[in-house]
Student: 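Here it is: the structure, laid out below.
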Amino acid sequence: MAKMLVAGEEVESKNRETLEVKNPATGETVDTVPKASKEDVNRAVEAAEKAFGKWSTTSADEKIKLVKKAIELILSKEKELAELLTREQGKPLKEAAIEIQKFCGDLEYYAGLAKNIRGTYFYPVGEGRHGWVIKQPIGVTAAIVPWNFPISLMGNKLAPALIAGNTVVVKPASSTSLTAIKIIELMWKAGFPEGVLNIVTGPGEIVGEELIRHPKVRRVSFTGQTETGKRIMSIAGPDLKRITLELGGSDPMIICEDADLDKAATGASVGRFFNCGQACLAVKRVYVMEQVADKFVEKLLEKVKKLKPGNGLNPESRMGPLHLKSQLEKVESQVEDAKKRGAKVLHGGERLKGPEYDKGHFYSPTLLVEVSESSTIVTEECFGPALPVFTVKSFDEAIEKANNSPFGLGGTIWTKDLQKAAKGATKLQAGYTWINSFPIMYDELPFGGLKQSGYGKEHGAEALEYYLETRSVVVNAD
Ligand code: NDP
């Protein structure tokens, strides 16, 4: 059984309850994790509160030293961590390894900013008075992480939190807690002091909510579904806790008549089917100009046919299973709903069958055309390997349809026309826009959704600000 890491100790749940972590490709149990009790959450928060005083004044040099050591230890175990991640999450080994590297990249990026956390100074403010604007860490922060990118999204939260001088309690998704625990263990081995970094496991509705409600948790960072985000806001709101919410999306991709169709088709395929379509920033709707629609769809279909689904541990697999059975059923129902409303299935549209697939949550990569805009695959977030392609008559129509969504996370435009690109980049309601690129994130660019896709930013120097309080001090030196 894996253990939680709290206050410098490996611990079981006080009530001895556990949860099973299952391999989504085979149904086998990978391991069990503790189902934390209220007491366990309290212990983790108290440890983080106790550690905060010293950590908040730890020098940048010391933090950089710890981060460097942690990266060295984590990368020395990259292969086994990636394998464990594939076994619990389902993604192909190569994608799992990218996650481990991204986590280290996050640590490295924020360590690079450690010596740049600074306030400002004004003189005089009023007669003979000095004004300081100072930046200070907030306190105990809770990092609540989903199962789709359990490690890189954990890095998005704990790296800026720790570098800013806060202490952290991580709550990973129940179904993907194992690799997260191993990584925190390696960070402990690197020398992060007792209580600075803790991890508790168990169901979000119990352990997550307990953590958010705890009066000593001052900052909550959450990634997950929009509905959960609303619930978290309602719990954290009355106590005016600092929160960031990275929520769902239904990102559009617009293909103009002058686009490089080969590259656009690759962009749509990678952007939709990476991580079996279970990404917040994924291409979830394509709007292509009618002049080039047939050609584009033909090219995209070719790519979709080449995707080889299978167990992520098999190096030949290009796409793993869906992570949860409920997720498989949801995608299946969205595709069935689209079919009922007249959609034409160009590829896939069903569960995969056969000895390699029968015990897992495998769904075939699916391409749909002639889809009704009222289908649930359009009106809701589709968190799986199914892509609807729509034909449009003009760029303005594409933008209007792209924006007709409660979400505003990302969006992509393919065109060689600078005017269209610039217009699209400002008109598209998205927190992240790509022109002539598939969706890819960079550590230095802030990321966060508009509308119901969330609140606040991760990545970039902006994320660090969310882990700092800005205070003003006036010194009368006369
Ligand atoms: P959930 O909202 O179900 O869960 C996310 C995390 O929150 C898990 O750790 C979960 O724990 C926990 N949780 C669940 N309910 C509560 C609660 N009431 N209080 C506190 N914590 C809770 O999301 P999914 O795991 O299903 O993740 C998929 C979603 O995440 C998609 O909608 C996707 O778009 C979004 N996402 C957004 C990103 C962004 O940056 N905008 C990036 C990646 C994903 P447990 O597992 O135990 O239920």
Side-chain angles (χ1 to χ4, degrees), residues 19-22 24 33-36 41 88-89 91 99 102 106 142-157 169-178 180 199-214 217 220-237 241 243-251 274-284 322-328 330-331 380-384 405-410 430-432 439 441 445-459 463:
L19 294 170
E20 285 192 336
V21 175
K22 300 256 188 194
V33 290
K35 192 172 168 187
V41 173
E88 68 174 337
Q89 204 281 343
K91 63 182 66 193
E99 268 216 64
K102 284 291 246 180
D106 254 323
I144 302 180
V145 187
W147 48 257
N148 59 336
F149 293 101
I151 304 307
S152 56
L153 295 177
M154 178 169 76
N156 286 358
K157 300 179 191 322
V169 181
V170 178
K171 206 305 279 173
S174 298
S175 52
T176 53
S177 299
L178 298 171
I199 181 164
V200 290
T201 52
E205 297 84 7
I206 303 164
V207 180
E209 292 198 11
E210 197 55 45
L211 196 53
I212 299 161
R213 281 204 178 89
H214 197 293
V217 170
V220 178
S221 166
F222 168 79
T223 299
Q225 299 180 42
T226 296
E227 284 316 307
T228 317
K230 289 178 186 174
R231 167 109 186 117
I232 287 176
M233 204 166 192
S234 75
I235 300 170
K241 296 191 181 194
I243 53 173
T244 46
L245 302 171
E246 298 294 344
L247 310 176
S250 184
D251 296 0
F274 184 77
N275 208 32
C276 195
Q278 303 164 117
C280 50
L281 280 172
V283 179
K284 291 175 185 158
L322 284 137
H323 177 62
L324 299 171
K325 185 157 176 270
S326 56
Q327 208 55 45
L328 168 67
K330 176 85 184 176
V331 173
E380 300 170 352
E381 176 177 41
C382 175
F383 216 55
S405 162
F407 300 109
L409 198 54
Y432 220 124
M441 290 203 276
L445 300 185
F447 153 65
L450 313 182
K451 305 197 279 187
Q452 296 207 11
S453 288
Y455 179 81
K457 299 289 168 201
E458 291 195 332
H459 284 184

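All values below come from the heavy atoms of this structure, side chains included, with hydrogens, waters and symmetry mates left out. Read the numbers this way: they start at 1 and go in the same order the structure lists the ligands and their atoms. Residues: numbered from 1 along the sequence shown. Just so we're clear, the structure is a prediction, and the values are computed from it rather than from any experiment.
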Student: For ligand 1, does I235 get within less than 4.0 Å through its side chain, its backbone, both, or neither, judged by non-hydrogen atoms?
Tutor: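 Neither part.
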Student: Using a 4.0 Å cut-off to any heavy atom of I144, which atoms of ligand 1 qualify?
Tutor: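 Numbered from 1, ligand 1 contributes 6 (C), 7 (O), 9 (O), 12 (C), 21 (N).
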Student: For atom 23 (O) of ligand 1, which of K330, Q225, K230, E209 has the closest heavy atom?
Tutor: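 Shortest heavy-atom distance from atom 23 (O) of ligand 1: Q225.
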Student: Give a yes or no on whether the backbone of A173 and the side-chain of S177 come within a donor-acceptor separation of less than 3.5 Å.
Tutor: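 Checking the backbone N and O of A173 against the side chain of S177, a donor-acceptor pair under 3.5 Å is found.
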Student: If we only count N/O pairs under 3.5 Å, is C280 in contact with ligand 1?
Tutor: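 No: no nitrogen or oxygen of C280 is under 3.5 Å from one in ligand 1.
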Student: With atoms numbered from 1 as shown, which atoms in ligand 1 lie under 4.0 angstrom from a non-hydrogen atom of F383?
Tutor: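 Contacts of ligand 1 toward F383, numbered from 1: 28 (C), 31 (C), 33 (C), 34 (O).
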Student: Looking at F447 and L281, what are the two nearest heavy atoms and their distance?
Tutor: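 Reported closest heavy-atom pair: CE1-CD1, 3.3 Å.
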Student: If only atom types and distance count, is the side chain of Q89 paired as donor or acceptor with the main-chain N or O of H323 below 3.5 Å?
Tutor: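 Not confirmed, Q89 side chain does not pair with H323 backbone.
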Student: Consider ligand 1: state whether an atom of it lies below 4.0 angstrom from any non-hydrogen atom of P172.
Tutor: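 A heavy atom of P172 does come that close to ligand 1.
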Student: Check each atom of ligand 1 against the heavy atoms of G202 and keep those under 4.0 Å away; list them by number with element.
Tutor: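 Matching atoms, with element in brackets: 47 (O).
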Student: Which residue holds the protein heavy atom closest to atom 6 (C) of ligand 1, what is that atom called, and what is the gap in Å?
Tutor: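 Answer for atom 6 (C) of ligand 1: V145 O, 3.6 Å.
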Student: Of all the non-hydrogen atoms in the protein, which one sits nearest to atom 40 (O) of ligand 1, and at what distance?
Tutor: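 Looking at atom 40 (O) of ligand 1, the protein heavy atom closest to it is E246 CB, 3.0 Å.
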Student: May I ask you to decide if V207's main-chain N or O and K171's side chain share a donor-acceptor pair within less than 3.5 Å?
Tutor: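 Such a contact is absent between K171 side chain and V207 backbone.
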Student: Please verify whether a non-hydrogen atom of F149 lies at under 4.0 Å from ligand 1.
Tutor: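 So F149 does not count as touching ligand 1.
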Student: Evaluate R231 for polar contact with ligand 1, using N/O atom pairs at a separation under 3.5 Å.
Tutor: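 N/O-N/O distance under 3.5 Å: no.
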Student: Test your reading of the model: is there a side-chain donor-acceptor pair from S453 to the backbone of F407, 3.5 Å cut-off?
Tutor: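 Side chain of S453 to backbone of F407, a donor-acceptor pair under 3.5 Å: no, none is there.
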Student: What I want to find out is whether R231 reaches E205 closely enough, with some N-O distance under 4.0 Å, to be called a salt bridge.
Tutor: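 No salt bridge links R231 with E205.
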Student: Return each pair, listed once, that meets salt bridge (charged side-chain N to carboxylate O under 4.0 Å, His left out) where at least one residue sits in residues 447-459; pairs must be two or more places apart or across chains.
Tutor: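 Every salt bridge (charged side-chain N to carboxylate O under 4.0 Å, His left out) pair that includes a residue of residues 447-459, provided the two are not neighbours, is K157-E458.
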Student: Closest non-hydrogen protein atom to atom 47 (O) of ligand 1, residue and atom name please, with distance?
Tutor: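 It is S174 OG, 2.5 Å.
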Student: Within the distance-only criterion (no hydrogens, no angle test), does the side chain of E209 pair as donor or acceptor with the backbone N or O of I206 below 3.5 angstrom?
Tutor: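 Pair absent, no side-chain N/O of E209 close to backbone of I206.
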Student: Below 3.5 Å, N or O to N or O, backbone or side chain included: is there any such pair between K284 and ligand 1?
Tutor: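 Between K284 and ligand 1, no N or O pair is found under 3.5 Å apart.
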Student: Nearest heavy atom to atom 29 (C) of ligand 1 wins, so pick from S152, P146, G224.
Tutor: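 Of the listed residues, G224 has the closest heavy atom.
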Student: Mind checking side chain to side chain contact (heavy atoms under 4.5 Å, CB included) for E227 and listing every partner two or more places apart, or none if nothing turns up?
Tutor: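 Applying side chain to side chain contact (heavy atoms under 4.5 Å, CB included) to E227 gives K230.
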Student: Can you check whether N148 has an N/O within less than 3.5 Å of an N/O in ligand 1?
Tutor: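 Among all N and O atoms of N148, none is under 3.5 Å from an N or O of ligand 1.
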Student: Is the closest basic N to carboxylate O distance between K330 and E380 below 4.0 Å?
Tutor: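 Counted as a salt bridge, because a side-chain N and a carboxylate O are separated by less than 4.0 Å.
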Student: Can you check whether K171 has an N/O within less than 3.5 Å of an N/O in ligand 1?
Tutor: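 It does: an N or O of K171 is found under 3.5 Å from an N or O of ligand 1.
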Student: With heavy atoms of L409 as the reference, note each atom of ligand 1 found under 4.0 Å away.
Tutor: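 Every atom of ligand 1 under 4.0 Å from some heavy atom of L409: 41 (N).
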Student: Is G204 close to ligand 1, meaning an N/O of one under 3.5 Å from an N/O of the other?
Tutor: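 Yes, G204 has an N/O under 3.5 Å of an N/O on ligand 1.
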Student: For ligand 1, is there an N or O atom under 3.5 Å from any N or O atom of T228?
Tutor: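 N/O-N/O distance under 3.5 Å: yes.
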Student: Against heavy atoms of G208, which atoms of ligand 1 measure under 4.0 Å?
Tutor: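 Counting atoms of ligand 1 from 1, those under 4.0 Å from G208 are 20 (C), 21 (N).
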Student: Side chain or backbone of S175 under 4.0 Å from ligand 1, or both, or neither, by non-hydrogen atoms?
Tutor: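 No part of S175 is near ligand 1 at this cut-off.
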Student: Checking the side chain of K241 only, and the main-chain atoms of V217 only, is there a donor and an acceptor separated by less than 3.5 Å?
Tutor: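 Side chain of K241 to backbone of V217: a pair is present.
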Student: Report yes if some N/O of A279 lies less than 3.5 Å from some N/O of ligand 1; otherwise report no.
Tutor: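 Between A279 and ligand 1, no N or O pair is found under 3.5 Å apart.
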